[in-house]
Every structure is written in C-alpha cells, then in structure tokens.
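Structure first, commentary second.
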Number of protein chains: 2
Amino acid sequence: MTIQEKLPGGRREMTGTQSIRRSFAIVRHLAGASQEGEKLVDIANAMELPHPTAHRILKALEDEGIVERAEGTQRYRLAAETAWLGVAPFNRCPITRYASPHLDELVAQTGSSVLLSVPSHIDSVYADRRIGNLPSLLSQAEIGSRRPLGAGTGGRVMLAHMSPERLDSVLEQNAARYAQYRAGPETVRRDVAEARAQGFLVGNSPLSREGRVVAVAVRDVTGRAIGAISLVGPRSQGFERRIEGLLPQMRGAAREIAARIQQQRVTMRCQMPIPPRAAAG
Amino acid sequence: MTIQEKLPGGRREMTGTQSIRRSFAIVRHLAGASQEGEKLVDIANAMELPHPTAHRILKALEDEGIVERAEGTQRYRLAAETAWLGVAPFNRCPITRYASPHLDELVAQTGSSVLLSVPSHIDSVYADRRIGNLPSLLSQAEIGSRRPLGAGTGGRVMLAHMSPERLDSVLEQNAARYAQYRAGPETVRRDVAEARAQGFLVGNSPLSREGRVVAVAVRDVTGRAIGAISLVGPRSQGFERRIEGLLPQMRGAAREIAARIQQQRVTMRCQMPIPPRAAAG
DNA sequence: CCGCCGCTGTCCGGAATGTGGAAAGCGGCC
DNA sequence: GGCCGCTTTCCACATTCCGGACAGCGGCGG
C-alpha cells in the first residue's frame, strides 16, 4: 500500500519527519492518559497505528527514559524524565508557582473548586487545582489531564486571547474532537467571542452535568493567554448569583500572576506557536 | 557511505528508531543549553549531525511546539510545551514542591547556597536552587542546566544510591564527558563508594575553583536516589569545619522530602530505567 | 489438560522515509 | 562588491522505518 496515492490537491507537507511526529503524538497522548498508564493496543488504536509500529516507538521512548512501565503491569506511562526536560522552560514561565497562593485564597474564600489550565499544543492541560466543597464536580480533572482546547470554559477563555491564526488552527484541528463534549467549532467560536467581549466566560462543566464554571484568562504582557483560572460550582441559583461577585477577585489573581511572571529577569514568550494543520487526508 | 560497514562484533541494537533518538537527544541538549538558545550549526556540531539533518528535526520539533525560536534571534530553545508535557509526571513526584521550604530553611540558617539536583537520563539537572552569601559560586548553576551525572558532588551522591546496572551504564556513557570536569570513571567510582559508605559526600565544585560542596541524597522508599541536596560554600577553614554540623539538617530535610512524596496517593517509581549504552562504534 | 483469547513482542521483505552533499538565500561587515 | 557565517531548500540515493504475519505468553473456561 503506497501512501503517495493520497494527497489529492498535491499538498505535500511535513515530510521527512513521520516517526518524530508520531512519537510526540504518543507522548502527548500519554501525557493526558491516566496515572495507571495505557496498554500497547490502546495506544496503537488511539494513534491509529499498527501495533508493531507503536511498539517500536514506545520501546525507543522507553530507553530514552521518556516512558516507563507502570509497576507490576506492562502499561506505558510518562516517566519523571519528561518533567525534568521541562524544568528550564518551566522556570521561564512558572505560572503554577505564582498561581499557587492565589488558588489557595480562592478556594478558601469561595469554597468552590479552582482549576489552573494552560494551553499545550491543541489541548488544555490542568496544571494545578484546589478541591472545594463539592469534590465530585472535579472527579475527572486530574492534574496533567487534557482536553481539546476549546472544549471547556477555561479553554475558550484562553482561545479568546490568542492570535486569530492560532484560533483558526486549533478550531480546525479540534473540530472532530469537540463532538464528545457536545460542542462544535461554531459553539466554541461563539463563546470565544463572548469571552473576548466581556473578559470572562460562564459555562457548563463538560465533565459533570451539574457543574457550572466561571473562567478568566491569565495574560502575558502582550495580552496573549498563558493560562486560565476557573471556579467550579454547582448548578444552583445560589452559585449563579455569586458569580458576579467572584469576578473581581479572579481578575485580580490573574493580573497578579501575570505581573509576577513579568517581573522575572528573562522575558519569555509563554504562548505557543501556531500548530500546523494535519496533512491532507 | 554505508553504515552497515561498522558493527564489528555483529552488534546491532536500537534499530529502526534513529530519528526518534536523534530528536530526543536534541531536546535533551537544548534542555541544558542557555536561555538564549542555540544556533543551528552549534546544535548540529554538538550532536555530530549534518546541518540539514539537524534542521529537519528542529523544524519538526518546532511545529510540534517542543522548540521555539528565541525572540528576535533565530536561535532554538525549548518551549513551554515541554514543561506542560511533564505536568502529570511531576505531580507524581513533586520533589521541587516539597523541597522548597527546606531549601529556604537551609539557606536562611547556613547562608550557603543550596542546590536541588535530580537525575535525568545520564545527566544531573538543577531542579531548584537558593542563592546564599556568595552568589559567584553559583554562577553556572542555572535552574534546568545539566551536567554529566557523576561530574559533580550531587551527581556522585545520587549514583551512590542507584542500581549497579545503572551506575555502570552511566559511567560508561559519561566516561568521555568527565574529562572536562577533571575527572574520570575511576575518580567517580571512588567517590560513589565513599558517598555510599558515609551517607554524604564532600567535594570541590567543578563550576568554580573556589567552591566546596556537601551533598546528601534524597531517596525514595526503596532506597533509590531521586535527587540530591547540595550546600555550596567557600574553600575556607571556616566552611570546612562547619560541614559536620550541617549534615544532620541536610539529612533531615532529605528524609522529610522523601516522606512527603511517599505520602502521596500514587506511589511512583521516581528513578529512571537503565539507559541503554550507545551502539558499538 | 488443552484450546481459546487478548495481549505483547519479534521477524523480515519491501518501499517510503529520512539522509546529507551541494548549492542557493540572506544579512551583516569590511 | 565581495566575503563570510549562517539558515534553508533541493533532490537522488539507500537506510531506516513500515506493518502484515507469526511466535510467545499468561489467564480463563470447558
């Protein structure tokens, strides 16, 4: 089976790096997977790769130290190495470090759960969190877990403060993935516009039916989103009414975090470049 | 030029993943490079790759979001993405988080600079630090910067509490690199033995001639090293005499950090697998 | 006990992918 | 203008990677 057959419009991009891209796609996939790791077959299926190919790549990743087998089982998961590779970049933009006290304060004063999200490639990652009075609302929001950027309220608020090119690119690439969050590119684009207009966004938690979410963006000096703070509360009149009052504090936290990052000696571009669209199918 | 010509003893390993390994070697290299990034040619030279090859790989890494061009220049450096990929593994072993207050305490009470190192592949990485009275001693120890595991005192202390296989593998692979730190595998092995025997190690700072270093290992529940705490002081009688007195506090800090990590719900293997030796030359 | 099943790991012929020498931009400096 | 250092593109070649087929392995049920 040749592949050259495809490429209808003669589009020919991202050539000569197939295996590298595949390996990073696997890393990204595992980054969002559960702590217990994933079986080879599941990874292969998720990546739409034949088992032997996935196996070969994972073996390479394993002895590069990027991936390890969860104890007892044969399941693959990311190893600590992955964290240490990111130490230097993290210290140029230590958003979790500076956000930490603000998250503490928010959960203490509101009782709602708090999430800190950051954009990674075309995903939104939970970088940190605090659990409030209703832990059930957060059941799926493990630290490090991922969703398509734009699926959740935090993601939409971040998209609202990204370059138009990046917004388009993300929406295009995530279009199919939105379905399982009962959304589509249009829904997302509408909320993004709203978030941009009012400076925050209220939405439903796609994780649990009863959750309601308020999110504001954390923006760097250029105005670009480098993260989002979300408060998660119950679907109740009480919470809905309090939202208005919560906003100033959330905005203040976002501003202070951004300011502290800005103070750092090395100014860094915290936002990502525009992810390239996938090859023509 | 065929490569098949080599392989004297018929050794044939790590096949079918050349480009993946190369790309991660580049990532590792950049992880240790300076904030300002590196030029294409320098990367290519360091990796012993032809420029076009390095270029192709870097381009792939760039639109995977792993690498970015430093603002203004064309230099390559790791992007924030790298940090977010590591969020989940980091939260299984958040050594910097738990170490932070202990580092504060150590620098406050001793006035010496403090370093937290972690093992990454065959390197030692500075995961965090506190600057004491003599900042000059730390000039080269940026957070995220790397040295061959075993080149410094912290690295030797970590090696002292790793599996014999891993020790051998690291020594073999780093043998050549030790030269520029005025050491060799034998020197390292001797210090490793000493560190294992006495539970700590005193050595010279390879970074600045005048520095003197005391290091203890942070060990997980199985006894394996997951990091090292180092105190850096001047080459003076005064500092030398105080070392004895500093040890209990350092040991205490190491134990408490390990204990807190242990308390976490998910027990994790913090140490790395044995890195494979390079292909036969 | 043996066959079945789901999964992991290995083999190997074939070709697409990755390679790297050569050369073309590109900007700065003398 | 010519030189120089660096980045980027090109393209023919063959090495690296691909993936179907199969072997191995442990658990389960008949």
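Reminder, nothing fancy here: chain letters follow the sequence lines and each chain counts from 1.
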Can you name the atoms? Protein N/O to nucleotides 25-27 of chain D N/O, anything below 3.5 Å, with the distance.
none

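Note that the CG atom of Leu167(A) and the CE atom of Met158(A) stand 13.0 Å from one another [nearest 0.5 Å]. For the atom pair Arg97(A) CZ and Phe90(A) CZ, the distance stands at 5.0 Å (nearest 0.5 Å). Atom CD1 of residue Ile66(A) and atom CZ of residue Phe24(A) lie 7.5 Å apart, to the nearest 0.5 angstrom.
Note on Gln18(A): a side-chain N or O is less than 4.0 Å away from OP1 or OP2 of dC18(D). Side-chain nitrogen and oxygen atoms of Tyr76(A) include at least one within less than 4.0 Å of the OP1 or OP2 phosphate oxygen of dG9(C). Distances shown here put a side-chain N or O of His55(A) below 4.0 Å from the OP1 or OP2 atom of dG9(C).
For the pair Lys39(B) NZ and dT8(D) P, the interatomic distance rounds to 13 Å; values are reported in whole Å. Between Asp63(A) atom CG and dG9(C) atom P the separation is 13 Å, expressed in whole Å. Atom CG of Leu61(B) is separated from atom P of dG18(C) by 13 Å (rounded to the nearest Å). Distance, Leu49(B) CG to dT8(D) C1': 17 Å, rounded to whole Å. Rounded to an integer number of Å, the gap from Arg21(A) CZ to dC17(D) P is 15 Å. The distance from atom CZ of Arg75(B) to atom P of dT7(D) is 9 Å, rounded to the nearest whole Å. Atom P of nucleotide dT19(C) and atom CE of Met47(B) are separated by 14 Å, given to the nearest angstrom.
Side chains of Arg56(A) and Thr17(B): a donor-acceptor N/O pair is absent below 3.5 angstrom, by distance only. Inspection of the His161(B) and Arg224(B) side chains reveals no N or O donor paired with an N or O acceptor under 3.5 Å.
Nucleic acid contact for Leu40(B): base, since at least one base atom lies under 4.0 Å from a heavy atom of the residue. Counting any heavy atom pair closer than 4.0 Å across all strands shown, Thr53(B) reaches a base atom.
Candidate nucleotides dC6(D), dT8(D), dT19(C) were compared by shortest atom distance to the side chain of Arg56(B), and dT19(C) ranks first. Comparing dT8(D), dC6(D), dT16(D) by their nearest atom to the side chain of Gln74(B) picks out dT8(D). The listed nucleotides are dC17(D), dG20(D), dT10(C); the one nearest the side chain of Ser19(A) is dC17(D). Taking the side chain of Pro52(A) as heavy atoms from C-beta on, and the options dC11(C), dT8(C), dT19(C), the nearest nucleotide is dC11(C). Nearest nucleotide to the side chain of Lys59(A), out of dT8(D), dT8(C), dT10(C): dT10(C). The side chain of Arg22(B) lies closest to dG20(C), out of dT8(D), dG19(D), dG20(C).
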Report the C-alpha separation of Arg147(A) and Tyr178(A) in whole Å, then their side-chain angles, then the decisive distance to 0.1 Å, and conclude whether the side chain to side chain contact (heavy atoms under 4.5 Å, CB included) test is met.
-> CA-CA 9 Å; Arg147(A) 287 191 285 149; Tyr178(A) 289 144; over 6 Å; no
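With Arg77(B) as reference, Glu71(B) is the one residue of Glu38(B), Glu62(B), Glu71(B) to meet the salt bridge (Lys or Arg N to Asp or Glu O under 4.0 Å) rule.
Remark: Arg75(B) does not engage Glu36(B) in a salt bridge, criterion side-chain N to carboxylate O under 4.0 Å.
Residue order along DNA chain C, read from the 5' end via each residue's closest nucleotide, puts Asp42(A) first among Asp42(A) and Ile20(A). In terms of position along DNA chain D, the nucleotide closest to His51(B) lies nearer the 5' end than the nucleotide closest to the other residue of the pair His51(B) and Ile57(A).
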